[in-house]
Amino acid sequence: MNFSSISKDLYACNCTSTDNEAFRRGMLQATAIFMLLVAIFGSLFNSMFIYILLEQSIRKSRTNIYVITLCVASILIAVFIVPSLGISSLADNWVFGEHGCILHGFAMTALGLFQIFILTVMSFEKYIIMAKKSWERLLSRTGTTVTIIGCSIIGLFLGSCPLIGWNSYKLEEQKTACAIDWSDRSPSALCYTVLLMFIGLVIPVSIMIFSYVNIFLVIRGHRHKLHQTLRSNGKCYENMLKREIKVIKTMFILVCAFVFSWLPYSAISLYAVFDDVTKVNPVLGMLPALFAKASVIWNPIIYMFINQSYKKVLKEKLSLYTPAACACCHCKCIRRGDNTATVTDTNNAVHGSFIIAYHE
């Protein structure tokens with residue numbers, strides 16, 4: 001027996017195991033830092049966005065109300081759910097007990113479903129506005145309120161099913177977060193999993209794809225007619241139409257960002273339904289959950305880069321509190337007699353209200 005060869009193999013095996021453990025701990029620490037940043041910036045950016053939206057003299061359009069509800073849901077995720085993942089990653093174990101695990105899984109499921117339902121409704125409403133003018137009478141602010149309540153109820157119902165025995169919430173493979181037990185293949189649990197995938201992913205994504213494809217076809221098919229309408233209705237109508245199309249583009253990017261954030265997690269969950277999820281590298285298995293929870297920061301960031309009105313108002317608000325920002329934006333701080341400061345900026349003055357959507 002060649003003992004030297006055996007000892008070399010054991011040494012190589014120990015080195016590999018040590019390297020893997022060091023890499024895993026490094027990934028957990030990076031996850032903790034990333035989740036901390038998501039929690040801070042997710043709550044800060046969404047709160048700032050809601051403040052600007054409500055503080056400006058804007059019309060309370062349906063789209064604005066939907067966007068505010070999305071931001072509120074994102075703040076709840078950023079404040080109550082994301083930090084628990086970061087803390088558990090730092091501790092290399094779930095530290096909030098069984099009840100904390102159940103609450104974590106329930107809140108993430110209910111809020112995630114609520115967000116995708118709201119995005120679906122927003123997309124379908126834009127389809128009605130652009131392609132089904134005869135249905136527009138069905139859209140109202142009362143209907144918006146009912147829709148938001150309905151989305152909340154459906155999200156809460158589907159999220160609470162595991163609480164009453166229809167599937168269950170358990171620790172994920174990485175032991176740092178909790179979710180639905182995707183690997184439970186009992187008939188009852190499998191029925192719930194399939195139902196959740198259809199109601200929470202397949203149907204909403206199908207409706208959103210249907211809505212935006214038809215909006216694109218309507219705009220392209222009526223391009224000549226639109227030019228005639230613009231000539232006959234003047235500049236005001238042209239500006240309104242441009243704003244509506246810009247809103248649709250912004251919403252489309254929001255939808256894509258949200259869906260692509262959740263697709264990897266949905267894929268790994270489906271894999272767990274049909275195969276042994278322990279075969280997946282734990283580090284790779286952790287990444288989809290991180291992408292899903294990072295979706296809370298997309299809404300304000302996308303508006304910051306796309307919506308010029310929001311960007312201008314944000315600069316104006318920041319310049320009120322940061323003298324350095326004043327100088328950077330070529331602003332002129334004017335002292336009043338009461339020792340308060342106002343900011344004027346002739347180059348970047350915001351004319352009119354901050355509008356996300358003008359259509360009612």
Side-chain angles (χ1 to χ4, degrees), residues 53 58-71 113-152 154-155 198-263 298-299 302-303 306-310 353-360:
L53 204 58
I58 60 170
R59 291 163 51 176
K60 304 299 187 293
S61 70
R62 292 186 305 276
T63 303
N64 291 337
I65 296 170
Y66 286 135
V67 170
I68 289 172
T69 59
L70 284 175
C71 290
L113 289 170
F114 172 75
Q115 286 184 309
I116 198 167
F117 292 155
I118 291 294
L119 286 170
T120 305
V121 171
M122 292 171 67
S123 303
F124 193 70
E125 279 201 5
K126 288 303 174 188
Y127 162 72
I128 291 175
I129 291 169
M130 296 298 293
K132 294 290 181 182
K133 288 290 184 181
S134 59
W135 296 3
E136 234 179 305
R137 65 181 183 277
L138 302 175
L139 306 180
S140 65
R141 293 184 187 179
T142 304
T144 301
T145 305
V146 173
T147 300
I148 293 171
I149 294 172
C151 291
S152 304
I154 297 172
F198 267 95
I199 296 179
L201 182 67
V202 176
I203 294 175
V205 171
S206 300
I207 292 174
M208 287 188 277
I209 292 173
F210 168 83
S211 299
Y212 287 111
V213 167
N214 277 276
I215 288 171
F216 172 75
L217 292 175
V218 166
I219 293 174
R220 194 176 75 166
H222 293 78
R223 186 175 298 170
H224 179 68
K225 187 178 178 182
L226 283 173
H227 286 308
Q228 289 181 329
T229 306
L230 292 177
R231 282 196 294 269
S232 59
N233 288 276
K235 192 73 175 175
C236 182
Y237 184 83
E238 181 181 1
N239 291 336
M240 291 172 67
L241 185 62
K242 283 181 179 178
R243 281 201 299 268
E244 185 63 50
I245 293 174
K246 190 172 184 179
V247 168
I248 291 170
K249 288 180 180 177
T250 304
M251 284 178 51
F252 178 72
I253 295 172
L254 288 178
V255 167
C256 289
F258 185 85
V259 170
F260 285 126
S261 294
W262 278 91
L263 271 181
W298 295 139
N299 287 0
I302 288 170
Y303 271 104
I306 293 178
N307 193 295
Q308 294 299 320
S309 299
Y310 173 67
S353 60
F354 171 48
I355 298 173
I356 289 181
Y358 73 91
H359 202 287
E360 287 297 330

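Rounding to the nearest 0.5 angstrom, the gap separating the CZ atom in Arg141 from the CD1 atom in Ile65 is 6.5 Å. Rounded to the nearest 0.5 Å, atoms OH (Tyr212) and CG (Leu217) are 14.5 Å apart. A distance of 4.5 Å separates CD1 in Ile302 from CG in Leu254, rounded to the nearest 0.5 Å. Ile209 contributes atom CD1, which lies 12.0 Å from atom CG of Asn214 (distance to the nearest 0.5 angstrom). Phe216 CZ to Phe252 CZ: the interatomic distance, rounded to the nearest 0.5 Å, is 10.0 Å.
Minimum interatomic distance between Gly143 and Thr147 (heavy atoms only, all atoms of both residues): O-OG1, 2.7 Å. Val218 and Ala131 make their closest contact through CG2-CB, 3.6 Å (heavy atoms, listed as atom of the first residue, atom of the second, distance). Closest non-hydrogen pair, Leu113 versus Gly200, comes out as CD2-CA, 3.6 Å. Closest heavy-atom contact between Ser123 and Ile215: O-CD1, 4.5 Å.
Atom CH2 of Trp262 has more than 12 heavy atoms from other residues, nucleotides or ligands within 6.0 Å.
In terms of the side chain to side chain donor-acceptor pair (under 3.5 Å) criterion, residue partners of Glu125 (sequence neighbours excluded) are, by chain and number, Arg62, Tyr66.
Under the side-chain contact (heavy atoms from CB on, under 4.5 Å) test applied with Leu119, the options Ile207, Leu70, Val259 reduce to a single match, Leu70.
Ile199 is listed as a side-chain neighbour of Phe117, based on a closest heavy-atom distance under 4.5 Å. Contact annotation: the side chain of Gln115 never approaches that of Ile118 to less than 4.5 Å [non-hydrogen atoms, C-beta and beyond].
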Working for side-chain contact (heavy atoms from CB on, under 4.5 Å), residues Tyr127 and Phe210: CA-CA 9 Å; Tyr127 162 72; Phe210 168 83; 3.7 Å; yes
Test log, rule side-chain contact (heavy atoms from CB on, under 4.5 Å), inputs Met122 and Val255: CA-CA 10 Å; Met122 292 171 67; Val255 167; over 6 Å; no
Check against side-chain contact (heavy atoms from CB on, under 4.5 Å), Phe114 and Thr69: CA-CA 9 Å; Phe114 172 75; Thr69 59; 4.1 Å; yes
